[in-house]
A.B. asks: 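Encoded as structure tokens, here's the structure I'll be asking about.
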Amino acid sequence: MDYQEARGFIEKISAGGSKLGLDTIASLLELLENPQDQLKFIHIAGTNGKGSVLAYLSSVLEKSGYRVGRYISPTLFSYRERIQINGEYISREEFAKLTELVAEAYGKMEERGMDLPTVFEIETAISFLYFLEKKCDIVLLETGMGGRMDATNIVKTSILTVIASISMDHMEFLGNSIAEIAWNKAGILKPGVPVVSAQQEKEAEKVIEEEAQKKGCPAVFVDRNQFAEVHFGLEEQSFCYKEFGKTVIHLAGEHQIENAALALECIGVLRRQGYRIGEDAVKRGMEETRWKGRFSVIHEKPLVVIDGAHNPDAALRLRDSILQYFKNRKKYYIFGVFSDKEYDKIIEITAGLAEHIYTIETPGNPRALPKEALAEAVRRKNPSVEAADSIADAVEKSFQAASKDDVIIAFGSLSFLGEIEKAVEAYRDK
């Protein structure tokens, strides 16, 4: 099997959709001799911020000399981005070789009339095989959806559990209240394994504390009262938190201060477990962390920012950042979202700040909300809106409308932000 054949196998499985539960992936991994049982995991769940926290932690651990696997979703720029070691994507050859192994196990399951794995379960299995083969010291494992019944929750060897900010999202799968969603996210807790959480709404915090108590997990929460000397900036931010002294980061947005503090709390727990993480590694690791698609500047004059604000909580954070950095500048939006998201609430939160909005349809995804329907929804809040013919068309029109001092903000589904960057580069090179 070569890389194209491997991708073809994945595409074929994708047509089967997704489902929650652990029985099928357990059967698949049993056929592969349970590679996950020989790895050590930092397991990360949450509605918003888990990718940023993962990026901070992996950077610090790499600077500390550890071989760090990353399993992330969704990806922005390359399919292979989802499986990395120390920031390097899995090679096409390695991906093809391991996909062939998993495909053989899939075939055995098919022959035996067993329930067949989803594409996410297959990708998760491939990642476990890869991280074991490459002898990773630690694997940073990001949940796909929820936690309790997410395929990644098959792991039993976590050294640390992390819960990023919890808010309303995927309600059809995870529940219709913050407490229900928190119960799902907290399902990744393992007996006796420490859990570190962002500061949560009271209902979520109570659930996490109760689940931690049931499983004997020492629990630590970020304490906003411990911040000092906080300085916000688009290109650089800094703060002091507890014993860590001044920390400099280059991820923009007010919420990144809290994400960074969550990572620092995790580092404190890892140190107490005996992991060698020096002060210099922490400072350099935090300062050198980059995570595109999270209020990232990809062009100047006009400033172009991309952000994956795809639910109401993320939209609130985006609005706060817009008001923090761009309050007196004209703003043009490029906006696309999935039909199963609470896009009316996202519009309510963000649309009033824009001079003009171009709606787009996220390409190649059956969940995409049609651009015309999105424009109609936006029009109720901001009449200055039009459905663009394509992502390239939206980029061209926004560049033509904006002056060099204005701001273009592309946001919504993470799935189209990589295409935005390509379209901006293509327009710039014309």
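Everything quoted here is computed from the prediction, not taken from an experiment. What you see below is based on every heavy atom in this structure, not just the backbone, and it leaves out hydrogens, waters and symmetry mates.
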A.B. asks: How would you list, by chain and number, every residue that makes a side-chain contact (heavy atoms from CB on, under 4.5 Å) with Ser197, sequence neighbours excluded?
C.D. replies: Ile163, Gln200, Ile208, Phe221
A.B. asks: Between the main-chain N or O of Arg284 and the side-chain N or O of Glu287, is there a donor-acceptor pair closer than 3.5 Å?
C.D. replies: no
A.B. asks: Could you list the residues that satisfy side-chain contact (heavy atoms from CB on, under 4.5 Å) with Gln4, not counting sequence neighbours?
C.D. replies: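 Expected list: Asp2, Arg92.
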A.B. asks: If a pair satisfies salt bridge (Lys or Arg N to Asp or Glu O under 4.0 Å) and one of its residues is in residues 54-65, list it, with sequence neighbours excluded.
C.D. replies: Glu62-Arg70, Lys63-Glu288
A.B. asks: Who pairs with Ala315 by side-chain contact (heavy atoms from CB on, under 4.5 Å), at least two apart in sequence or on another chain?
C.D. replies: Ile346, Ile349, Thr350
A.B. asks: Do any pairs count as a salt bridge (Lys or Arg N to Asp or Glu O under 4.0 Å) and have a residue in residues 252-270, sequence neighbours left out, and if so which ones?
C.D. replies: Arg224-Glu258, Lys242-Glu265
A.B. asks: Tell me which pairs pass ring-ring contact (aromatic ring centres under 6.0 Å, His included) where either residue lies in residues 240-273, with sequence neighbours left out.
C.D. replies: Phe227-Tyr241
A.B. asks: May I have all residue pairs that pass salt bridge (Lys or Arg N to Asp or Glu O under 4.0 Å) and include part of residues 416-427, sequence neighbours excluded?
C.D. replies: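 For residues 416-427, and leaving out neighbouring residues, the salt bridge (Lys or Arg N to Asp or Glu O under 4.0 Å) pairs sorted by first residue read Lys292-Glu421, Glu419-Lys422.
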A.B. asks: With no hydrogens and no angle check, is any side-chain donor or acceptor of Ser59 less than 3.5 Å from a backbone partner on Ala55?
C.D. replies: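 Here the side-chain-to-backbone pair does not exist.
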A.B. asks: Test of understanding: with side-chain contact (heavy atoms from CB on, under 4.5 Å), list the residues that count as partners of Arg82, not counting sequence neighbours.
C.D. replies: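 Partners of Arg82 by the side-chain contact (heavy atoms from CB on, under 4.5 Å) criterion, ordered by chain and then number, come out as Thr75, Tyr79, Glu123.
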A.B. asks: Quick test of your reading: applying salt bridge (Lys or Arg N to Asp or Glu O under 4.0 Å), list the pairs with at least one residue in residues 343-356, sequence neighbours left out, ordered by first then second residue.
C.D. replies: Glu342-Lys345, Asp344-Arg380, Glu348-Lys381
A.B. asks: Output a table of donor-acceptor pairs, distance under 3.5 Å, between side-chain atoms of residues 397-407 and any protein atom two or more places apart or on a different chain; print 'none' if there are none.
C.D. replies:
residue	atom	partner	partner atom	Å
Lys397	NZ	Glu386	OE1	3.3
Lys397	NZ	Asp393	OD2	3.2
Ser398	OG	Ala394	O	3.0
Ser398	OG	Val395	O	2.9
Gln400	NE2	Glu396	OE2	3.3
Ser403	OG	Asp405	N	3.4
Ser403	OG	Asp406	OD1	3.3
Ser403	OG	Asp406	OD2	3.1
Asp406	OD2	Ser403	N	2.8

A.B. asks: Pairs in or reaching into residues 371-391: which pass ring-ring contact (aromatic ring centres under 6.0 Å, His included), with residues at least two apart or in two chains?
C.D. replies: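 Applying ring-ring contact (aromatic ring centres under 6.0 Å, His included) to every pair that reaches into residues 371-391, excluding sequence neighbours, yields nothing.
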A.B. asks: Take Lys202 and Glu205 through the test salt bridge (Lys or Arg N to Asp or Glu O under 4.0 Å) and record every step on the way to the result.
C.D. replies: CA-CA 5 Å; Lys202 284 183 181 176; Glu205 189 166 316; over 6 Å; no
A.B. asks: Please list all pairs meeting ring-ring contact (aromatic ring centres under 6.0 Å, His included) that have one or both residues in residues 186-219, counting only residues at least two apart or in different chains.
C.D. replies: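 Every candidate ring-ring contact (aromatic ring centres under 6.0 Å, His included) pair involving residues 186-219 fails, so no pair, neighbours aside, qualifies.
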A.B. asks: Given 3.5 Å as the limit, does a donor-acceptor pair link the side chain of Asn382 with the main chain of Ala354, or not?
C.D. replies: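 Pair found, side chain donor or acceptor close to backbone of Ala354.
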